[in-house]
Amino acid sequence: MSSSILSTQARTLLSRQRSSIYLLPRLYTTASPERTLKETFANIIPAKAEEIKKFKKEHGKTVIGEVLLEQAYGGMRGIKGIVWEGSVLDPEEGIKFRGRTIPEIQNQLPKINDEPLPEGLFWLLLTGEIPTLNQVNALSADLASRSELPDHVVQLLDNLPKHLHPMAQFSMAVTALESESKFAKAYAQGVSKKDYWSYTFEDSLDLLGKLPNIAAKIYRNVFKDGKLGQFDAQADYGKNLANLMGYSNKDFIELMRLYLTIHSDHEGGNVSAHTTHLVGSALSSPYLSLAAGLNGLAGPLHGRANQEVLEWLFKLREEVKGDYSTETIEKYLWDTLNSGRVVPGYGHAVLRKTDPRYMAQREFALKHFPDYELFTLVSKIYEVAPKVLTKHGKTKNPWPNVDSHSGVLLQYYGLSEASFYTVLFGVSRAFGVLPQLIIDRAVGAPIERPKSFSTEKYMELVKKIESSSK
Ligand code: CMX
């Protein structure tokens, strides 16, 4: 077992507790004697739960921050109040998954070709360990075995109007899968708290397994002939997602693996992660919790920015008619800002430099299609926009985020329907938020309930605090 998420004390405790861990069924058979994901997690979690309990008991009253009034009115930016094990976002360095940067996970996670397999990232986020290729292959097979959609979900998707946004369709389909929730059924039968995580784990894997079919069904229904491409129970997740949507180009499959890996997790405070975690804290099933998160991801300031970027780029292209000079692009940026809109794909609530997810996608483009016209345009904007945004003086971060680049890669391979892009983001986000939901249930995380006040009450509070400090 990796020592990455456990202190020495916790590891000692774990070795004492190992014998008392109840036995779990194997979820899939593999020739390898290695542990399954569920067995690995079950082995880690008692010590982790004990470590948290002890940490809370010994340091629970330590002050870890202060809250300014402007933060209460400013979207709670920077307030520490969520526990999120999978990743931490550093303003300068960007996202780290269990302490590893994007280049590190690209290097360390198991691969079939050059790009990491998102199944491996799921394993890492849940356990803190890098799995072997055998373990990842077995997990891919397990997810594939859970992929079938119940008839009522297929019918629901087939009956939705094409003009309903793909993200609304996505969230509805995930909500409708509640009928399959093993957690909800077990809870209704009065299962013990200590077993919540096991049912949450099963629901999470069932849900992840079904997402490629849901996403592809939406894509094929809304934009194509409604018929899904090939599904191969022996193939990995990224390949099946690409194939089901009707894309078999091997570089596109590589792109899907990279895309699903890097869009997965971005610590716990972003809207989709926080919403999933919050709704899950009420013991809503993974289906209802993820659907809530997807509804947040669908917002233009969050995941839908990838669609907005493409629309904005196309308008720019139409307006400048092939003139990609600095002056023309500068003018277009100022026109956007002066009309009271944001420049989509730029800025971030936490990051203060170019998003490493942007860089990973840029490197993919440089490797596979350095001369693609839209990539050239995006690169030109990358040269110009930070200066314009800095001069504009509002945003705290004039650098591009993940959404600034993703659509252009999809365009290159012919996936040109921008309103579908956030669905792909959503499939990936499930890889990041479901591990935390399982951990939350395993360590007995409480229902979330922060304090709110009216403006009148804040005024009273501020008056009291300010007069007592005079
Ligand atoms: N263009 C123009 N103005 C921007 C801007 C941008 N790209 N980014 C921020 N600003 C403005 C804000 O609207 C805000 O203006 P007001 O004071 O008038 O309200 C001001 O700059 C300060 O904002 P900030 O503290 O820098 O940024 P926030 O934490 O409030 O918001 C974000 C972060 C991402 C919502 C914002 O940068 C934005 O709207 N960017 C464009 C949309 C986008 O790309 N979203 C995707 C983010 C990644 C993701 O979640 O997928």
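As the structure lists them, so they are numbered: ligands from 1, and atoms in each ligand from 1. Everything numeric in this text was worked out from a predicted model, so none of it was measured.
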Between [Y] and [X], do the side chains contain a donor N or O and an acceptor N or O under 3.5 Å apart?
X	Y	answer
Ser419	His165	no
Asp440	His277	yes
Arg429	Thr276	no

Which heavy atom of the protein is the closest neighbour of [atom], given with residue, atom name and distance?
atom	value
atom 43 (C) of ligand 1	Ala305 CB, 3.6 Å
atom 1 (N) of ligand 1	Val343 N, 2.9 Å
atom 22 (C) of ligand 1	Lys394 O, 3.6 Å
atom 33 (C) of ligand 1	Ala349 N, 3.7 Å
atom 48 (C) of ligand 1	Asp403 OD2, 3.4 Å
atom 36 (C) of ligand 1	Tyr346 O, 4.4 Å
atom 28 (P) of ligand 1	Arg77 NH2, 3.6 Å
atom 45 (N) of ligand 1	Leu301 O, 2.9 Å

Within a 6.0 Å radius of atom [atom1] on [X], are there more than 12 heavy atoms belonging to other residues, nucleotides or ligands?
X	atom1	result
Trp84	CH2	yes
Gln230	CD	no
Lys217	NZ	yes
Glu373	CD	yes

- Heavy-atom nearest neighbour of atom 42 (C) of ligand 1 within options Pro300, Ala385, Gly74, Gly75: Pro300
- With atom 9 (C) of ligand 1 as the reference point, say which of Asn306, Thr395, Val402, Val342 has the nearest heavy atom. Thr395
- Item | Residue among Val427, Val136, Leu260 satisfying side chain to side chain contact (heavy atoms under 4.5 Å, CB included) with Pro118 | Leu260
- Query: Within the structure, does at least one protein heavy atom fall under 4.0 Å of atom 14 (C) of ligand 1?
  - Reply: no
- Message: Test side chain to side chain contact (heavy atoms under 4.5 Å, CB included) on His59 and Lys56; report intermediate values, then the result.
- Response: CA-CA 5 Å; His59 303 283; Lys56 280 195 307 191; over 6 Å; no
- Message: With side chain to side chain contact (heavy atoms under 4.5 Å, CB included) as the criterion, how do Glu129 and Gln135 come out once you've worked through the C-alpha distance, each side chain's angles and the decisive distance to 0.1 Å?
- Response: CA-CA 11 Å; Glu129 295 180 9; Gln135 287 176 315; 5.9 Å; no
- Message: Looking at ligand 1, is there an atom of it that comes within less than 4.0 Å of some heavy atom belonging to Asn270?
- Response: no
In terms of atom number and element, which parts of ligand 1 are under 4.0 angstrom from non-hydrogen atoms of [X]?
X	answer
Gly345	43 (C), 44 (O)
His348	33 (C), 34 (C), 37 (O)
Leu389	1 (N)

- Message: Is there a polar contact between ligand 1 and Phe425, counting only N or O atoms under 3.5 Å apart?
- Response: no
- Query: ligand 1 and Arg341, any nitrogen or oxygen pair closer than 3.5 angstrom?
  - Reply: no
- For ligand 1, which part of Leu337 has a heavy atom less than 4.0 Å away: the side chain, the backbone, both, or neither? side chain
- Task: Report the C-alpha separation of Arg100 and Gln108 in whole Å, then their side-chain angles, then the decisive distance to 0.1 Å, and conclude whether the side chain to side chain donor-acceptor pair (under 3.5 Å) test is met.
- Result: CA-CA 9 Å; Arg100 293 162 172 87; Gln108 294 171 16; 2.7 Å; yes
